[in-house]
Amino acid sequence: MKAFVMAAGAGTRLRPLTYSIPKPMVPVVNKPVLEHTLENLKKHGIEDMVMNLHYYGGMIKDYFGDGSKLGINIEYSYEKKLLGTAGGVKKKEDFFDDTFIVLSGDGLTDLDLTGVLNFHRKKKALATMALKEVDSKFDYGVTLCDKSGRIKKFIEKPRWSDVFSNTVNTGIYIFEPEIFRYIPKGEFYDFGSQLWPKLLSMKKNIYGIVINNYWTDVGNLKEYRQGQRDALDGKIKLNIPGEERKKGIYVSRGAKIDKRTKLIAPCVVGSDCVIEKNSIIGPHTVIAAKCKIASGAVVSNSILWGRVEVAKNVKLDNCIIGYRAKVVSDISVYEGTILLVD
(Lines give C-alpha, C1' and ligand atoms only; values in the text may rest on other atoms or scores of the structure.)
Protein backbone atom coordinates (compact mmCIF):
# COMPACT_ATOMS: atom_id res chain seq x y z
CA MET A 1 0.00 0.00 0.00
CA LYS A 2 1.20 3.51 -0.82
CA ALA A 3 0.49 6.91 0.71
CA PHE A 4 0.18 10.52 -0.38
CA VAL A 5 1.32 12.89 2.37
CA MET A 6 0.14 16.49 2.04
CA ALA A 7 2.95 18.84 3.08
CA ALA A 8 2.51 21.88 0.84
CA GLY A 9 0.47 24.22 3.03
CA ALA A 10 1.69 27.53 4.46
CA GLY A 11 0.16 27.06 7.93
CA THR A 12 -1.22 30.59 8.19
CA ARG A 13 -3.16 29.85 11.39
CA LEU A 14 0.09 28.90 13.13
CA ARG A 15 1.76 32.24 12.48
CA PRO A 16 4.08 33.66 13.67
CA LEU A 17 5.66 30.20 14.12
CA THR A 18 5.35 29.42 10.41
CA TYR A 19 6.84 32.63 9.01
CA SER A 20 10.18 30.88 8.58
CA ILE A 21 9.31 27.19 8.82
CA PRO A 22 6.67 25.05 7.03
CA LYS A 23 3.84 23.79 9.19
CA PRO A 24 4.79 20.07 8.88
CA MET A 25 8.22 20.90 10.35
CA VAL A 26 6.85 22.48 13.53
CA PRO A 27 8.28 20.35 16.36
CA VAL A 28 6.23 18.25 18.74
CA VAL A 29 8.30 16.69 21.56
CA ASN A 30 11.43 17.59 19.60
CA LYS A 31 10.49 15.99 16.29
CA PRO A 32 8.74 17.61 13.31
CA VAL A 33 5.05 16.73 13.44
CA LEU A 34 5.55 15.28 9.94
CA GLU A 35 8.09 12.80 11.32
CA HIS A 36 5.49 11.42 13.72
CA THR A 37 3.13 10.97 10.74
CA LEU A 38 5.77 9.06 8.77
CA GLU A 39 6.63 6.87 11.76
CA ASN A 40 2.98 5.87 12.10
CA LEU A 41 2.79 5.00 8.40
CA LYS A 42 5.89 2.84 8.79
CA LYS A 43 4.40 1.17 11.87
CA HIS A 44 1.47 -0.02 9.74
CA GLY A 45 3.65 -1.31 6.93
CA ILE A 46 3.24 1.64 4.57
CA GLU A 47 6.73 2.41 3.30
CA ASP A 48 6.24 3.90 -0.18
CA MET A 49 4.89 7.43 -0.36
CA VAL A 50 4.87 10.66 -2.28
CA MET A 51 4.86 14.05 -0.58
CA ASN A 52 3.82 17.33 -2.20
CA LEU A 53 5.86 20.44 -1.45
CA HIS A 54 5.36 24.17 -1.88
CA TYR A 55 5.97 26.49 1.09
CA TYR A 56 9.61 26.10 2.25
CA GLY A 57 9.58 22.73 0.53
CA GLY A 58 13.37 22.54 0.41
CA MET A 59 13.49 22.49 4.21
CA ILE A 60 11.30 19.38 4.27
CA LYS A 61 13.31 17.59 1.58
CA ASP A 62 16.63 18.46 3.23
CA TYR A 63 15.45 16.96 6.52
CA PHE A 64 13.84 13.73 5.25
CA GLY A 65 15.76 13.10 2.03
CA ASP A 66 14.70 9.86 0.35
CA GLY A 67 13.30 8.54 3.63
CA SER A 68 15.95 5.88 4.11
CA LYS A 69 16.83 7.09 7.61
CA LEU A 70 13.28 6.19 8.65
CA GLY A 71 13.23 2.97 6.64
CA ILE A 72 10.78 4.31 4.07
CA ASN A 73 10.83 5.51 0.44
CA ILE A 74 9.82 9.11 -0.29
CA GLU A 75 9.22 10.76 -3.64
CA TYR A 76 8.46 14.48 -3.92
CA SER A 77 5.99 16.41 -6.00
CA TYR A 78 6.74 20.13 -6.28
CA GLU A 79 3.80 22.46 -6.80
CA LYS A 80 4.92 25.86 -8.03
CA LYS A 81 1.27 26.84 -7.86
CA LEU A 82 -0.88 25.03 -5.32
CA LEU A 83 -3.27 22.52 -6.89
CA GLY A 84 -5.52 21.95 -3.87
CA THR A 85 -5.70 18.81 -1.75
CA ALA A 86 -7.26 16.64 -4.48
CA GLY A 87 -5.49 18.35 -7.37
CA GLY A 88 -2.11 17.63 -5.81
CA VAL A 89 -2.94 13.92 -5.55
CA LYS A 90 -4.22 13.88 -9.15
CA LYS A 91 -0.84 15.16 -10.32
CA LYS A 92 0.74 11.92 -9.02
CA GLU A 93 -1.96 9.60 -10.35
CA ASP A 94 0.61 7.35 -12.03
CA PHE A 95 2.22 6.62 -8.66
CA PHE A 96 -0.86 4.72 -7.44
CA ASP A 97 -1.98 1.40 -8.86
CA ASP A 98 -3.93 0.01 -5.89
CA THR A 99 -5.75 1.07 -2.74
CA PHE A 100 -3.92 4.05 -1.20
CA ILE A 101 -4.09 6.44 1.73
CA VAL A 102 -4.07 10.25 1.74
CA LEU A 103 -3.30 12.16 4.91
CA SER A 104 -1.98 15.48 6.12
CA GLY A 105 1.64 15.81 7.16
CA ASP A 106 0.69 18.16 9.99
CA GLY A 107 -1.98 16.03 11.65
CA LEU A 108 -0.89 14.62 15.01
CA THR A 109 -2.33 11.13 15.45
CA ASP A 110 -1.57 7.55 16.42
CA LEU A 111 -4.42 6.33 14.22
CA ASP A 112 -4.79 2.59 13.65
CA LEU A 113 -4.37 2.82 9.88
CA THR A 114 -4.65 -0.95 9.52
CA GLY A 115 -8.07 -0.89 11.16
CA VAL A 116 -9.31 1.88 8.85
CA LEU A 117 -8.00 -0.03 5.82
CA ASN A 118 -9.75 -3.22 6.93
CA PHE A 119 -13.03 -1.31 7.31
CA HIS A 120 -12.61 0.18 3.82
CA ARG A 121 -12.05 -3.23 2.26
CA LYS A 122 -14.90 -4.85 4.17
CA LYS A 123 -17.30 -2.20 2.85
CA LYS A 124 -15.82 -2.46 -0.68
CA ALA A 125 -15.78 1.34 -0.63
CA LEU A 126 -14.57 3.69 -3.31
CA ALA A 127 -13.54 6.13 -0.60
CA THR A 128 -13.40 6.03 3.19
CA MET A 129 -13.00 9.03 5.49
CA ALA A 130 -11.60 8.78 9.02
CA LEU A 131 -13.83 10.75 11.39
CA LYS A 132 -13.35 12.02 14.92
CA GLU A 133 -15.87 13.17 17.50
CA VAL A 134 -14.85 16.64 18.72
CA ASP A 135 -16.31 19.48 20.75
CA SER A 136 -15.45 22.29 18.31
CA LYS A 137 -16.83 21.69 14.85
CA PHE A 138 -16.29 24.78 12.78
CA ASP A 139 -12.71 24.40 11.57
CA TYR A 140 -13.44 21.02 10.01
CA GLY A 141 -15.91 19.39 7.64
CA VAL A 142 -18.86 17.85 9.50
CA THR A 143 -20.03 14.41 8.37
CA LEU A 144 -23.14 12.35 9.03
CA CYS A 145 -23.19 8.59 8.40
CA ASP A 146 -25.92 5.94 8.66
CA LYS A 147 -25.61 2.89 10.93
CA SER A 148 -23.50 1.04 8.37
CA GLY A 149 -21.06 3.94 8.11
CA ARG A 150 -22.19 5.11 4.70
CA ILE A 151 -21.84 8.89 4.35
CA LYS A 152 -25.21 10.61 4.03
CA LYS A 153 -24.33 14.26 4.50
CA PHE A 154 -21.19 16.36 4.44
CA ILE A 155 -20.53 20.07 4.83
CA GLU A 156 -17.03 21.57 4.72
CA LYS A 157 -16.44 24.05 7.59
CA PRO A 158 -20.10 24.69 8.46
CA ARG A 159 -21.74 27.67 10.16
CA TRP A 160 -23.75 27.33 13.38
CA SER A 161 -26.95 26.83 11.42
CA ASP A 162 -25.36 23.99 9.44
CA VAL A 163 -24.18 21.86 12.38
CA PHE A 164 -25.84 18.44 12.36
CA SER A 165 -23.13 16.20 13.83
CA ASN A 166 -20.02 16.31 16.03
CA THR A 167 -18.10 13.88 13.81
CA VAL A 168 -15.57 15.79 11.75
CA ASN A 169 -13.35 15.07 8.79
CA THR A 170 -9.76 14.38 9.91
CA GLY A 171 -8.39 14.68 6.38
CA ILE A 172 -7.31 11.02 6.44
CA TYR A 173 -8.73 9.08 3.49
CA ILE A 174 -8.51 5.63 1.91
CA PHE A 175 -9.15 5.60 -1.86
CA GLU A 176 -9.36 3.18 -4.72
CA PRO A 177 -7.57 4.27 -7.93
CA GLU A 178 -10.98 4.76 -9.55
CA ILE A 179 -11.18 8.00 -7.60
CA PHE A 180 -9.00 9.72 -10.20
CA ARG A 181 -11.90 9.60 -12.67
CA TYR A 182 -13.64 12.26 -10.58
CA ILE A 183 -10.73 14.68 -10.13
CA PRO A 184 -9.99 17.06 -13.04
CA LYS A 185 -6.40 17.23 -14.25
CA GLY A 186 -4.16 20.29 -14.05
CA GLU A 187 -6.42 22.55 -11.99
CA PHE A 188 -7.05 23.46 -8.38
CA TYR A 189 -9.39 20.92 -6.80
CA ASP A 190 -10.25 20.33 -3.14
CA PHE A 191 -11.32 17.18 -1.33
CA GLY A 192 -13.58 18.80 1.26
CA SER A 193 -15.39 21.45 -0.75
CA GLN A 194 -15.48 19.68 -4.13
CA LEU A 195 -14.67 15.97 -4.37
CA TRP A 196 -16.57 14.60 -1.39
CA PRO A 197 -19.75 16.58 -2.20
CA LYS A 198 -19.46 15.35 -5.81
CA LEU A 199 -19.16 11.71 -4.73
CA LEU A 200 -22.13 12.15 -2.40
CA SER A 201 -24.29 13.68 -5.13
CA MET A 202 -23.35 10.80 -7.46
CA LYS A 203 -24.33 8.31 -4.73
CA LYS A 204 -20.96 6.62 -4.83
CA ASN A 205 -19.98 3.96 -2.31
CA ILE A 206 -18.36 6.25 0.26
CA TYR A 207 -18.00 5.55 3.98
CA GLY A 208 -16.87 7.13 7.20
CA ILE A 209 -15.36 5.43 10.24
CA VAL A 210 -15.21 7.11 13.64
CA ILE A 211 -11.79 6.60 15.19
CA ASN A 212 -11.04 6.22 18.88
CA ASN A 213 -7.37 7.07 18.55
CA TYR A 214 -5.87 10.46 19.30
CA TRP A 215 -6.06 13.08 16.57
CA THR A 216 -5.57 16.81 16.37
CA ASP A 217 -4.80 19.10 13.45
CA VAL A 218 -2.06 21.18 15.16
CA GLY A 219 -3.70 23.86 13.05
CA ASN A 220 -3.42 26.83 15.39
CA LEU A 221 -1.41 27.88 18.42
CA LYS A 222 -3.93 26.53 20.92
CA GLU A 223 -4.00 23.11 19.26
CA TYR A 224 -0.21 23.11 18.94
CA ARG A 225 0.23 23.69 22.66
CA GLN A 226 -2.44 21.10 23.48
CA GLY A 227 -0.90 18.49 21.19
CA GLN A 228 2.45 18.95 22.90
CA ARG A 229 0.85 18.64 26.32
CA ASP A 230 -1.14 15.54 25.33
CA ALA A 231 2.01 13.88 24.02
CA LEU A 232 3.74 14.48 27.35
CA ASP A 233 0.70 13.15 29.22
CA GLY A 234 0.72 9.97 27.14
CA LYS A 235 -2.66 10.61 25.53
CA ILE A 236 -1.06 9.87 22.16
CA LYS A 237 1.50 7.14 21.54
CA LEU A 238 4.58 8.82 20.05
CA ASN A 239 8.24 7.92 19.95
CA ILE A 240 9.61 10.58 22.29
CA PRO A 241 13.35 11.02 21.75
CA GLY A 242 15.71 10.53 24.66
CA GLU A 243 16.18 8.21 27.61
CA GLU A 244 13.32 8.07 30.12
CA ARG A 245 15.42 8.64 33.24
CA LYS A 246 12.39 8.75 35.50
CA LYS A 247 8.76 8.28 34.60
CA GLY A 248 7.82 11.10 32.25
CA ILE A 249 11.29 12.68 32.17
CA TYR A 250 13.11 12.24 28.84
CA VAL A 251 16.70 13.36 28.37
CA SER A 252 18.59 13.06 25.08
CA ARG A 253 22.26 12.25 24.50
CA GLY A 254 24.84 14.86 25.39
CA ALA A 255 22.64 16.90 27.71
CA LYS A 256 24.51 18.32 30.71
CA ILE A 257 22.23 18.86 33.68
CA ASP A 258 23.57 20.10 36.99
CA LYS A 259 22.73 17.87 39.96
CA ARG A 260 21.18 20.84 41.72
CA THR A 261 18.64 21.28 38.94
CA LYS A 262 15.11 19.96 39.45
CA LEU A 263 13.26 18.22 36.61
CA ILE A 264 9.52 17.79 37.14
CA ALA A 265 7.62 15.29 35.01
CA PRO A 266 6.47 15.33 32.35
CA CYS A 267 9.24 17.08 30.47
CA VAL A 268 11.71 16.56 27.61
CA VAL A 269 15.30 17.82 27.40
CA GLY A 270 16.96 17.68 23.97
CA SER A 271 20.45 16.65 22.97
CA ASP A 272 23.50 18.72 23.98
CA CYS A 273 21.49 21.05 26.23
CA VAL A 274 23.14 22.71 29.21
CA ILE A 275 21.04 23.31 32.31
CA GLU A 276 22.83 25.04 35.15
CA LYS A 277 22.44 24.81 38.92
CA ASN A 278 19.28 25.62 40.83
CA SER A 279 17.11 25.71 37.72
CA ILE A 280 13.64 24.16 37.67
CA ILE A 281 12.32 22.51 34.49
CA GLY A 282 8.76 21.34 34.08
CA PRO A 283 6.12 20.18 34.14
CA HIS A 284 4.89 20.12 30.51
CA THR A 285 8.07 21.65 29.18
CA VAL A 286 9.89 20.61 26.00
CA ILE A 287 13.42 21.90 25.48
CA ALA A 288 14.97 21.23 22.07
CA ALA A 289 18.61 20.55 21.17
CA LYS A 290 21.51 22.79 22.20
CA CYS A 291 19.53 25.08 24.47
CA LYS A 292 21.20 26.70 27.48
CA ILE A 293 19.30 27.35 30.70
CA ALA A 294 21.28 29.45 33.15
CA SER A 295 21.28 29.14 36.93
CA GLY A 296 18.14 29.92 38.85
CA ALA A 297 15.84 29.88 35.80
CA VAL A 298 12.35 28.41 36.10
CA VAL A 299 10.72 27.04 32.92
CA SER A 300 7.27 25.42 32.97
CA ASN A 301 4.46 24.67 30.52
CA SER A 302 6.69 25.95 27.74
CA ILE A 303 8.15 24.93 24.38
CA LEU A 304 11.72 25.94 23.59
CA TRP A 305 12.95 25.35 20.05
CA GLY A 306 16.61 24.71 19.25
CA ARG A 307 19.58 26.79 20.51
CA VAL A 308 17.51 28.99 22.83
CA GLU A 309 19.41 30.76 25.59
CA VAL A 310 17.62 31.50 28.86
CA ALA A 311 19.60 33.74 31.20
CA LYS A 312 19.84 33.43 34.97
CA ASN A 313 16.75 33.87 37.16
CA VAL A 314 14.40 34.07 34.16
CA LYS A 315 10.89 32.71 34.72
CA LEU A 316 8.98 31.30 31.74
CA ASP A 317 5.47 29.89 31.93
CA ASN A 318 3.20 28.91 29.03
CA CYS A 319 5.58 30.32 26.41
CA ILE A 320 6.88 29.31 23.00
CA ILE A 321 10.47 30.42 22.38
CA GLY A 322 11.68 30.18 18.78
CA TYR A 323 15.00 29.05 17.34
CA ARG A 324 18.11 30.88 18.63
CA ALA A 325 16.08 33.33 20.72
CA LYS A 326 17.74 34.81 23.82
CA VAL A 327 15.79 35.62 26.96
CA VAL A 328 17.72 38.13 29.08
CA SER A 329 18.25 37.81 32.81
CA ASP A 330 15.89 38.52 35.69
CA ILE A 331 12.65 38.79 33.69
CA SER A 332 9.39 36.87 33.80
CA VAL A 333 7.43 35.89 30.70
CA TYR A 334 3.95 34.42 31.07
CA GLU A 335 0.63 33.44 29.50
CA GLY A 336 0.94 32.49 25.88
CA THR A 337 3.91 34.66 24.96
CA ILE A 338 5.76 33.78 21.75
CA LEU A 339 9.33 34.99 21.30
CA LEU A 340 11.02 34.68 17.91
CA VAL A 341 14.25 35.91 16.37
CA ASP A 342 13.73 38.17 13.33
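Counted by atom type alone, T85 and D190 present one or more donor-acceptor pairs between their side chains at under 3.5 Å. A donor-acceptor contact closer than 3.5 angstrom links the side chains of D233 and H284. Side chains of N301 and D317: a donor-acceptor N/O pair is present below 3.5 angstrom, by distance only.
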Next on the checklist: Could you go through T170 and L131, starting from their C-alpha distance and side-chain angles, then the distance that decides it, and tell me whether this counts as side chain to side chain contact (heavy atoms under 4.5 Å, CB included)?
Outcome noted: CA-CA 6 Å; T170 64; L131 305 171; 5.7 Å; no
Checklist entry - salt bridge (Lys or Arg N to Asp or Glu O under 4.0 Å) between K31 and E39: does it pass, once the steps are laid out? => result CA-CA 11 Å; K31 287 184 181 180; E39 287 181 343; 2.8 Å; yes
Next on the checklist: With side chain to side chain contact (heavy atoms under 4.5 Å, CB included) as the criterion, how do I293 and L304 come out once you've worked through the C-alpha distance, each side chain's angles and the decisive distance to 0.1 Å?
Outcome noted: CA-CA 10 Å; I293 314 296; L304 277 59; 3.8 Å; yes
Next on the checklist: Let's go through F180 and K90 carefully: what are the C-alpha distance in whole Å and the side-chain angles of both, what is the deciding distance for side chain to side chain contact (heavy atoms under 4.5 Å, CB included) to 0.1 Å, and is it a yes or a no?
Outcome noted: CA-CA 6 Å; F180 291 113; K90 176 70 173 181; 4.0 Å; yes
Item to check | Trace of the salt bridge (Lys or Arg N to Asp or Glu O under 4.0 Å) decision for K23 with D217 | outcome: CA-CA 11 Å; K23 183 180 174 186; D217 177 34; 3.8 Å; yes
Checklist entry - Taking it one step at a time, do F191 and F175 satisfy ring pair (Phe, Tyr, Trp, His ring centres under 6.0 Å)? => result CA-CA 12 Å; F191 282 126; F175 290 122; 5.4 Å; yes
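Remark: K123 NZ to I174 CD1 distance equals 15.5 Å, nearest 0.5 Å. Taking OG of S68 as the reference point, atom CD1 of I74 lies at 8.5 Å (rounded to 0.5 Å). Note that the CD1 atom of I303 and the CD1 atom of I320 stand 4.5 Å from one another [nearest 0.5 Å]. From H54, atom NE2 reaches atom CG of L83 across 10.0 Å, with rounding to the nearest 0.5 Å. Rounding to the nearest 0.5 Å gives a distance of 7.5 Å between CG of N30 and CD of Q228. One finds the CE atom of M129 at 4.0 Å from the CH2 atom of W196 (value rounded to the nearest 0.5 Å).
H120 pairs by the side-chain hydrogen bond (donor to acceptor under 3.5 Å, both in side chains) definition with T128, E176, not counting sequence neighbours. Residues passing the side chain to side chain contact (heavy atoms under 4.5 Å, CB included) test with Y78, sequence neighbours excluded: L53, K61, Y76. Applying the ring-ring contact (aromatic ring centres under 6.0 Å, His included) rule to F96 yields the partners F100; only residues at least two apart in sequence or on another chain are considered. When the side chain to side chain contact (heavy atoms under 4.5 Å, CB included) test is applied to E47, the partners found at least two apart in sequence or on another chain are K42, I72. Listed by chain and residue number, Y63 satisfy the side-chain hydrogen bond (donor to acceptor under 3.5 Å, both in side chains) test with E35 (two or more places apart in sequence, or in another chain).
Considering all non-hydrogen atoms of both residues, N220 and E223 come closest at OD1-N, 2.8 Å. Contact record, V286 with V29: CG1-CA, 4.0 Å, taken as the closest heavy-atom pair. Closest of all the heavy-atom pairs between G242 and S252 is CA-OG, 3.5 Å.
Residues L195 and M6 share a single hydrophobic cluster, defined by chaining ILVMFWY side chains whose heavy atoms lie under 4.5 Å apart. Residues L316 and V274 are members of separate hydrophobic clusters, defined by side-chain heavy-atom contacts under 4.5 angstrom among Ile, Leu, Val, Met, Phe, Trp and Tyr.
By the neighbour-count criterion of 12 heavy atoms within 6.0 Å, atom NZ of K277 is sparsely surrounded, having that number or fewer from other residues, nucleotides or ligands. Enclosure of atom CG in D62 by more than 12 non-hydrogen atoms of other residues, nucleotides or ligands within 6.0 angstrom is indicated. Sparse packing is recorded around NZ of K290, with 12 or fewer heavy atoms of other residues, nucleotides or ligands lying under 6.0 Å away.
Listed for the T109 side chain is no donor-acceptor partner under 3.5 Å among the backbone atoms of G107. Although no hydrogens or angles enter the test, the distance criterion places a donor-acceptor pair under 3.5 Å between the side chain of D110 and the main chain of Y214.
Between L103 and T37 there is a side-chain heavy-atom pair separated by less than 4.5 Å. Taking 4.5 Å as the limit, some side-chain heavy atom of Y182 sits within range of a side-chain heavy atom of L199. Counting heavy atoms from C-beta outward, I60 and P22 have side chains that approach closer than 4.5 Å. Looking at heavy atoms from C-beta onward, P27 lies in side-chain contact with W305 at the 4.5 angstrom threshold. In this structure, the side chains of R225 and N318 come closer than 4.5 Å at one or more pairs of heavy atoms.
F188 belongs to no hydrophobic cluster with other residues, because no ILVMFWY side-chain heavy atom falls under 4.5 Å from its own, directly or through intermediates.
Figure legend: K2 and F95 shown as a cation-pi pair, the cationic atom lying under 6.0 angstrom from the six-membered ring centre and within 45 degrees of its axis.
Of the candidates M25, M59, K69, M25 is the only one forming a side-chain contact (heavy atoms from CB on, under 4.5 Å) with F64.
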